[in-house]
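In what follows, a single structure is set out as structure tokens and then discussed.
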Amino acid sequence: MDKNNLLINLTDISFSYPGEPEILDKLNLQFSRNEKIGLMGPNGSGKTTLFHIIMGLLKPMSGNIEIFGKSIREEKDFIDVRMRIGLLFQDADDQLFSPTVLEDVAFGPLNLGKSKDEAIDIARKTLEFLDLAGFEDRITYKLSGGEKRLVSLATVLAMEPEILLLDEPTTGLDEKTKTKIKKTLRELDLSYILISHEFDLLSEITDSIYTMDKGKIIFDKEVHLHEHVHAHPHGSYSHEHK
Amino acid sequence: MTVEELTNINSLINRIDPRVKIIEVFFFSIVVAVSNSLPVLLSALIISLGIILTAGIPAREIFRRLVPVNIMIIFLWFFLPFTTEGKPLFNIGTLAVTHEGLIYALRISIKSNAMMLMLISLIASTPIFTLGHAMLELKMPRKLVHLFFFTYRYIHVMDKEYIRLINAIKMRGFRPGTNLHTYRTFAYIVGMLLIKSFDRMQRVRNAMLCRGFKGNFYTIRNFSFKKIDVISIALMIAILIVLGIMEWTKITYSSI
């Protein structure tokens, strides 16, 4: 693995919520540029926690975080990280807080220091890219569940992140919206980690699938025994097709 | 409970700059609050009625919004006529109703309704968020305005959460009564709502941090000062001057 392409390097990360057993136990994760990986695992296995640790929303008890080749320790290190990694939250209601769609999508770019006009321009383009043109003045809390999710995605994409962390982006959505999200992710030339319980989705838009188990990330050979058709860019691991 | 906005109505007032509207309502309220003569207060009430009528707000909606204020005022009518010192007009049982008491209650009623009508025409003709931005532009404390933003944004989410909880207990055959079980259940619901809103607050904060929030809200709206604003300011100043002259030079009143 080329060192320059190593975007996220977590070593021996342990984390537990107060009064609970360790949810992450000496976890290791190496994530490189242009990788698209899927992450599965039962509820409460620490997938979301892992994302929050990468974004600096939670502090691990021990372990090292290296992102974009730099060791990340303090809150101020994470400010830069958050500008370059986009996290799509599970619940769109958490993500959308501005009254109108345009304002919410422009919020990130404005925080990045863009001027008002630039931010509006970026926001409009992002909405257009997601076929959401015409949504600019819609009230965020009055959107449907699917629309909320797409607008949330727009708010993240508007910041032009280098990495996307997607926390169950298609859960509870209808087929049409799901297809739209899949299509968008395929079109984007981005590296991403995608949490989902849907194996079909993962096999369609990710290159490899990992499982969280006992606080660690493991590559699950079993998973790949399912019937599937997709390219294996790495090709190094054993797998069978039925 | 729904917080409705009536901002789709295309009225004259809708087009006035929200900053101008806030300032106008502010000064109008001050003048009304310190005025005491009935003719002045009545004129103010008529003016605010006139303004709200041009705002094109449905009458039903106006009444609905006036109800809470007037419920409080009803209580004043129960007490003030009897407890204010002055010359007795007539007796109800052993209690004397005083002239001064009646006037006092009447004044408060007119004042509150005149101010409320003005406020309703302001709020109903301005999207809440625009109002917030206007408040920021007028240099009101940032924290207060943020509080205002978030209260408005999440009141709907909390309301939905509340309805979900209420439905959940109804679904399991809960009927409120005067007993410990009912009190406990409601206490649980209130507690649940508090905890849930706290959790949500943290998640929203996280989501904002992830998008580079550093404590500033940038507005993407531009406020512009137009001809209609100048006209409305001129009108409001004229109204306030006339009310002021009527109040403080006491030309109009003799007996009240």
Side-chain angles (χ1 to χ4, degrees), chain A residues 48 51-52 54-58 75-76 78-100 102-124 136-137 139-142 152 155-156 158-159 161 165 167, chain B residues 1-8 18 123 126-137 145-161 163-164 196-224:
Chain A
T48 302
F51 276 7
H52 285 197
I54 294 175
M55 298 299 277
L57 301 174
L58 294 170
E75 176 67 19
K76 68 172 170 27
F78 279 109
I79 289 175
D80 181 52
V81 168
R82 289 174 195 145
M83 296 199 171
R84 299 169 67 182
I85 302 183
L87 169 59
L88 184 72
F89 280 68
Q90 244 172 44
D91 187 349
D93 260 316
D94 296 337
Q95 198 131 17
L96 305 176
F97 56 87
S98 305
T100 66
L102 187 67
E103 278 167 307
D104 217 305
V105 181
F107 176 77
L110 285 170
N111 287 330
L112 293 179
K114 300 265 195 281
S115 77
K116 208 187 266 190
D117 292 334
E118 283 173 319
I120 293 178
D121 197 46
I122 294 171
R124 282 192 200 283
E136 288 85 349
D137 291 323
I139 309 290
T140 49
Y141 66 84
K142 285 181 184 161
S152 300
T155 66
V156 173
M159 297 184 72
L165 304 178
D167 199 346
Chain B
M1 177 202 62
T2 45
V3 185
E4 283 166 68
E5 282 185 30
L6 300 158
T7 49
N8 305 335
I123 291 175
T126 321
I128 297 289
F129 214 61
T130 311
L131 207 60
H133 284 322
M135 283 156 71
L136 275 183
E137 292 267 314
V145 178
H146 290 179
L147 214 59
F148 178 72
F149 278 153
F150 285 107
T151 308
Y152 181 68
R153 169 61 183 87
Y154 285 97
I155 212 163
H156 296 271
V157 179
M158 294 314 295
D159 183 48
K160 259 189 225 156
E161 208 110 61
I163 289 169
R164 218 177 295 148
K196 280 187 175 190
S197 57
F198 183 76
D199 275 355
R200 171 145 335 247
M201 176 206 82
Q202 276 185 321
R203 292 199 303 270
V204 171
R205 189 186 126 81
N206 283 344
M208 290 173 71
L209 282 178
C210 284
R211 286 203 276 153
F213 182 66
K214 291 181 218 89
N216 287 316
F217 277 109
Y218 305 90
T219 67
I220 59 169
R221 248 174 253 269
N222 283 314
F223 294 115
S224 59

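Chain identifiers are assigned alphabetically (A, B, ...) following the order of the sequence lines, protein sequences preceding nucleic acid strands; residue numbering begins at 1 within each chain.
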**Study point:** Least distance between heavy atoms, A:Asn111 atom then B:Lys214 atom
**Key:** O-NZ, 3.0 Å
Check your understanding: So, for A:Leu87 and B:Cys210, which heavy atoms are closest and what is the spacing to 0.1 Å?
Key -> CD2-SG, 4.0 Å
Exercise for review: Sort out for me which of A:Thr100, A:Thr155, A:Ile85, A:Leu88 touches chain B most, counting heavy-atom pairs under 4.5 Å.
Suggested key: A:Thr155
Exercise for review: Select, from A:Met83, A:Gln95, A:Met55, A:Glu103, the one with the greatest count of heavy-atom pairs under 4.5 Å involving chain B.
Suggested key: A:Glu103
Check your understanding: Are the aromatic ring centres of A:Tyr141 and B:Tyr154 under 6.0 angstrom apart?
Key -> no
Contact origin within [X] toward chain B - heavy atom pairs under 4.5 Å:
X: A:Asp104; value: both
X: A:Asp117; value: neither
X: A:Ala106; value: side chain

Check your understanding: In Å and rounded to the nearest 0.5 Å, what is the CG to NE2 distance from B:Leu209 to A:His52?
Key -> 11.0 Å
Practice item. First locate atom CG of B:Asn206, then atom CZ of A:Phe89, and finally report the distance between them rounded to the nearest 0.5 Å. Key: 5.0 Å
Review point. When you measure from the side chain of B:Arg203 to the backbone N and O of A:Asp93, does any donor-acceptor pair fall under 3.5 Å?
Key: no
Point to revise | Segment of B:Met208 engaging chain A (4.5 angstrom heavy-atom cut-off) | key: both
